[in-house]
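Inspection log for the structure reproduced underneath, given as structure tokens.
To find a chain, count down the sequence lines: A is the first, B the second, and so on, and within it residues start at 1. We use all heavy atoms of the structure for the numbers below, so side chains are in, but hydrogens, waters and symmetry mates are not.
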Amino acid sequence: MVRVRFAPSPTGYLHLGNARTALFNYLFAKNKNGRFVLRIEDTDAERSKKEYEKALMEDLKWFGVEWDEGPDIGGDFGPYRQTERLSLYRNAAEKLLAEGKVYRCYCTKEETDERNRKSGKNESSGYDNHCRELSREDINKFESEGRKPVLRFRVPPVSVKVNDMIRGEVVFEAENIPDFVIIKSDGLPIFHFAVVIDDWQMKISHVVRGEDHLSNTPKHIMLFEALGAPVPQFAHMSMTLGRDKTRLSKRHGATSVRAYREDGYLPEAFFNYISLLGWATAESQDIFSREELIEKFSIERCNKSNAVFDPEKLLWMNGLYMRKTSPERILKLSLPCLKEAGIMGDGETEETMRYMEKAVSLEQEKIKLLKDVPYHVGFFVKEPVYEEKAVKKHLTEKGKEVLGAILPSFEGCEEWTIQNLEAGVRKFCEEKGYKAGEVFHPLRVALSGKTTGPGLFEMIEHLGKEKTIQRLKKWS
RNA sequence: GCCCCCAUCGACUAGUGGUUAGGUCACCACUCUUUCAAGGUGGUAGCAGGGGUUCGAGUCCCCUUGGGGGCGCCA
């Protein structure tokens, strides 16, 4: 049984990189008919916030990554929050201590840094295993000073092979791994220890995570072995970078799932785009339905090299899905924006909803983001926002003259259909000797406020006689 | 400083010793068209560098360079 997990820290909104890790875990699990576990790593008391945990779950659900076990829905291997599992870590650590696999260390950060400096080593070269063989006397002395020890893992002198599903075999020498802390002096576990205990006890079969953890994996393997626990399979996926190939951060623009969600991306577009980062089929297909992705996904086809997140391609893909979906759904999803823009209110009638659906359908191929919907369809119900440039260019004296001249033919239009409207306007052009553009452009601007929009006659037809005449009068 | 990973168009990628190095985004041109889009057609653009191995290297090996990551009482 394949069991994978996604284990975020609730210290901020779900990051794009993490979203990708979650997605790959999800796809892998679903592809293998396995289980996808959500675990919250909230042992960092200062930075972890309940509201972020909530947001994390909302955003995951938003783009369709749903878990089979997690803090909100439970499961057979809970609890699923690390702060609720502290006794588990403590017990496991006690056992290792009794077995001599970990030891108490009383050094402060300053002391180890100082020793490193004196021996000419780099400050970040790690712990020097100073407290490995403390005597009873030493311990008593430190304890009487009131020092609180940390628990350090006694790294065995062996090399560790990581058999990575993406990277193949990677070997690490123990000499490059200093004894590391597993329990802090306040009794809380360090990340590396908590993950191992959790993965073990939650029976995680495959650990799929970012490459940033590859160098830490030998530590994890040593811990699994010290615990007598089975070592899971590992797959370290490439990292997600920004345009300049550095780690994705604020200065690259939006980096949280929340931001894309609020900008009006469609969840299926986001899902599809993210799946393409560091993974591809032999055909390099790039449009997939959720089901297709689940069916075709495989860890073996994950790339080893880092991937640059390209917001432009995401935007293109969103437009594609926007064109594919129904106007009804677009309207429904953009309702909050429309309300905010004062274009629609609460409790609109069924008739208005259908009217707006039609308006959306006329503009659908141009809509790239939900938040742009008000801009595209606002003029159908509200007085147009007249764009200065458009007015200046087309609603000139001559333009207004044309509008005044054509007004009667609209007033006299009995059957308000696209065909009639077009025939009428064309007839007008011919009779008065206007070129089409001389009439079409002023009409469009007077009615919509913009130089771009739906087909002119579809637009007029949908606007209706009343609004059309009222707006034309205003400009003639 | 030490350790690890990676390297095909600007970006995402296909490629697993013999290819005119393919697709997608972006870009450019043309086309369609009342506008803007969308669509269609075509195009610009790539194997980081140097050594090997081989009849033959984008594909295998080594070095260099570049990029990323790790080495915390953060996760």
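- Map A:Asp44 and A:Ile166 each onto its nearest nucleotide of RNA chain B; the residue landing nearer the 5' end is A:Ile166.
- Listed pair A:Lys304 / B:rG68 fails the phosphate criterion, with no side-chain N or O lying under 4.0 Å from OP1 or OP2.
- Between the C1' atom of B:rU35 and the CG atom of A:Leu443 lies a distance of 12 Å, rounded to the nearest Å.
- Phosphate contact (OP1/OP2 of B:rG69, side-chain N/O of A:Arg247, threshold under 4.0 Å): present.
- Considering only side-chain N and O atoms, A:Lys313 lies nowhere under 4.0 angstrom from the phosphate OP1 or OP2 of B:rU13.
- Neither OP1 nor OP2 of B:rA7 sits under 4.0 Å from any side-chain N or O of A:Asn303.
- Listed candidates were B:rC25, B:rC73, B:rG68. Nearest to the side chain of A:Arg152 is B:rC73.
- For A:Ser305 and B:rG68, the shortest distance from a side-chain N or O to OP1 or OP2 is not below 4.0 Å.
- Close to B:rC36, at under 4.0 Å from its OP1 or OP2, lies no side-chain N or O of A:Lys368.
- Between A:Pro454 and A:Lys148, the residue anchored nearer the 5' end of RNA chain B, judged by the nucleotide with its closest heavy atom, is A:Pro454.
- Nearest nucleotide to the A:Ala307 side chain, out of B:rC12, B:rC71, B:rC74: B:rC12.
- The phosphate of B:rA75 (OP1 or OP2) has no side-chain N or O of A:Arg209 nearer than 4.0 angstrom.
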